**Student:** 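My structure is below; once you've seen it, I'll send some questions.
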Amino acid sequence: MDFQFDIILRYLPDLLQGVRMTLIAFFTALAIGLPIGMTLCVLRVGKSRGLGRAAAVYTTVFRTIPEVVLIFWMFYCLPPLVGGTVSGLWAGSLALGLISGAFLAEIFRGGVQSIPRGQWEAATALALPRVTIWRRIIVPQAARLAIPPFINHLTELMKGTTLLATIGVADLALKSYVLGAQTFRYFEFLTAIALLYFIIIFPVARFAEYVERRLAVATR
Amino acid sequence: MTAASATRTPAIRIEGMSKWYGAFQVLADIDLTVMPGDRLVVCGPSGSGKSTLIRCINRLEEHQEGTITVDGIRLDENTRNIDAVRKEVGMVFQQFNLFPHLTILENCTLAPRTVRRMSKSDAEARAMHYLHKVRIPEQAGKYPGQLSGGQQQRVAIARSLCMDPRIMLFDEPTSALDPEMIKEVLDTMTDLAQEGMTMVVVTHEMGFARRVADRVVFMDRGRIVEQKPPEDFFNAPEHPRTKLFLDQVLGH
């Protein structure tokens, strides 16, 4: 078995196009998932029973649908419903974002609910407005606990973008299959994408470890 | 309304107040009047509802029946009223509940700056004034976790005072403290009482009750059983439940 390294280099611009698409899908999904996650978290912790239940239903539903199913649904079923066309990138990112929101809500809620009740009570007794309590008391403390699982989720989301290949989004994964098929050098290209994903995700994982250590020191 | 009660607004007036947790009644038919400058100690066996009672006064807990009026403001569903009451009522908790991620100074300035809209320098000057008063100005730059329990509780008192409350509620302020730190907190509270602060104190510290309170309220099973000046309360308790309680807390 000869590993032809030069073929990867020759097609590197193509592969980097794929990296770019992967990153676009990742950040789009995150931009959708983050606000959803925050909103759901606030609703679940908040006073209103009805809104809390609705948020819980959302979380359960979107945590149980497999990513691929929702990606297909968004790609094939959404366009006729809205009466237009939806690009694969958009459909896929939307699906991932909606699911990500459900997971993020649970991660944030875990952080918020580990804050002792006394913190809410002391802040409430001081007549602090609800927004200030969230912003100055709860979020800073909850973030310390939520950041490690949050960053862990980011790596999962990054890996999840490979599923967009199933609806023809020319991300890094699909680029590599295609290039492999065109050149019959699957071995080189599939190794190359594994490596490229590693190069993208490894710094994120390391950053998570670093933040975790920093927070452990700061919290004492 | 009688002529006497019309002349001065009570700091706290509770009438026919009851509260349930589900089917379980925690407070039954509470009547209590606290005049400005009163120093009230509330005691009773655990589970008697004394903490719940004072937590109703700033609506950390909701009551279901009767009325609570604080400084002339009726506590009901109206959030404006609730906010108005909380601005005037400070509270000190058993577990201190300082904000661990903020410095001592920031703990003291957060509420005055956001709620009272004070400038940073004014709020800090006021915070330092009260930190001097509770005798720990040198700790202003530290974080709560670096302080002893007694120091933390004194910071919690200063933090409340920074809002210039008219009434201070203390919910078992020394129960979580090591014995050698109880005195420093009680001394701070005694100073406060001598300056004329209206205080409602839930505590088992009977020495403090004897020295500082002008009235002791004894609660059992959600009811106020007896309320008297300390001398009468300790020397001539009427109710058998009060006698038993005093035997238990003073008998060792």
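All values derive from a computational prediction rather than experimental measurement.
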**Student:** Evaluate whether atom CH2 of A/Trp120 has more than 12 neighbouring non-hydrogen atoms of other residues, nucleotides or ligands under 6.0 angstrom away.
**Tutor:**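 Counting other residues, nucleotides and ligands, CH2 of A/Trp120 exceeds 12 neighbours.
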**Student:** When you measure from the side chain of B/His101 to the backbone of A/Arg136, do you find a donor-acceptor pair of N or O atoms at a distance under 3.5 Å?
**Tutor:**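 Checking the backbone N and O of A/Arg136 against the side chain of B/His101, a donor-acceptor pair under 3.5 Å is found.
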**Student:** To the nearest 0.5 Å, how far apart are CG in A/Leu128 and CG in B/Leu110?
**Tutor:**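 Here the rounded value is 5.0 Å.
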**Student:** Does any heavy atom of chain B fall under 4.5 Å from the side chain of A/Thr132, the backbone, both, or neither of them?
**Tutor:**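 For A/Thr132, the contact with chain B is made by the side chain alone.
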**Student:** Side chain from CB out, backbone as N, CA, C, O: work out which of these in B/Arg55 comes under 4.5 Å of a heavy atom of chain A, or both, or neither.
**Tutor:**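 The answer is the side chain of B/Arg55.
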**Student:** Using heavy-atom distances under 4.5 Å, tell me whether B/Phe99 contacts chain A through its side chain, its backbone, both, or neither.
**Tutor:**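 Looking at B/Phe99, backbone and side chain both touch chain A.
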**Student:** Might you confirm whether atom CZ of B/Arg116 has over 12 heavy atoms from other residues, nucleotides or ligands at distances under 6.0 Å?
**Tutor:**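 Counting other residues, nucleotides and ligands, CZ of B/Arg116 exceeds 12 neighbours.
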**Student:** Would you find a donor on one side and an acceptor on the other, under 3.5 Å apart, between the side chain of B/Asn58 and the backbone of A/Ala125?
**Tutor:**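 Not confirmed, B/Asn58 side chain does not pair with A/Ala125 backbone.
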**Student:** Find out whether A/Leu126 and B/Arg86 are in side-chain contact, i.e. whether some heavy atom of one side chain is under 4.5 Å from a heavy atom of the other.
**Tutor:**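 Heavy-atom side-chain distance check fails, nothing below 4.5 Å.
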**Student:** When rounded to the nearest 0.5 angstrom, what distance separates CG in B/Asn97 from CD1 in A/Ile137?
**Tutor:**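 Spacing of CG (B/Asn97) from CD1 (A/Ile137) equals 11.0 Å.
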**Student:** Give, as side chain, backbone, both or neither, the part of B/Leu102 having an atom under 4.5 angstrom from any heavy atom of chain A.
**Tutor:**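 Only the side chain of B/Leu102 comes within 4.5 Å of chain A.
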**Student:** Given the options B/Gly90, B/Ser160, B/Pro100, B/Gly145, which has more heavy-atom pairs under 4.5 Å with chain A than any of the others?
**Tutor:**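 Looking at each of B/Gly90, B/Ser160, B/Pro100, B/Gly145 in turn, B/Pro100 comes out on top.
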**Student:** What part of B/Val85 lies closer than 4.5 angstrom to a heavy atom of chain A: side chain, backbone, both or neither?
**Tutor:**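 Neither; nothing under 4.5 Å.
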**Student:** Looking only at non-hydrogen atoms, find the nearest pair between B/Val115 and A/Pro129 and report the distance.
**Tutor:**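 Scanning both residues, the minimum pair turns out to be CG2-CD, 4.2 Å.
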**Student:** So do the side chains of B/Gln95 and A/Pro116 get within less than 4.5 Å of each other, counting heavy atoms only?
**Tutor:**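 Side-chain contact under 4.5 Å: no.
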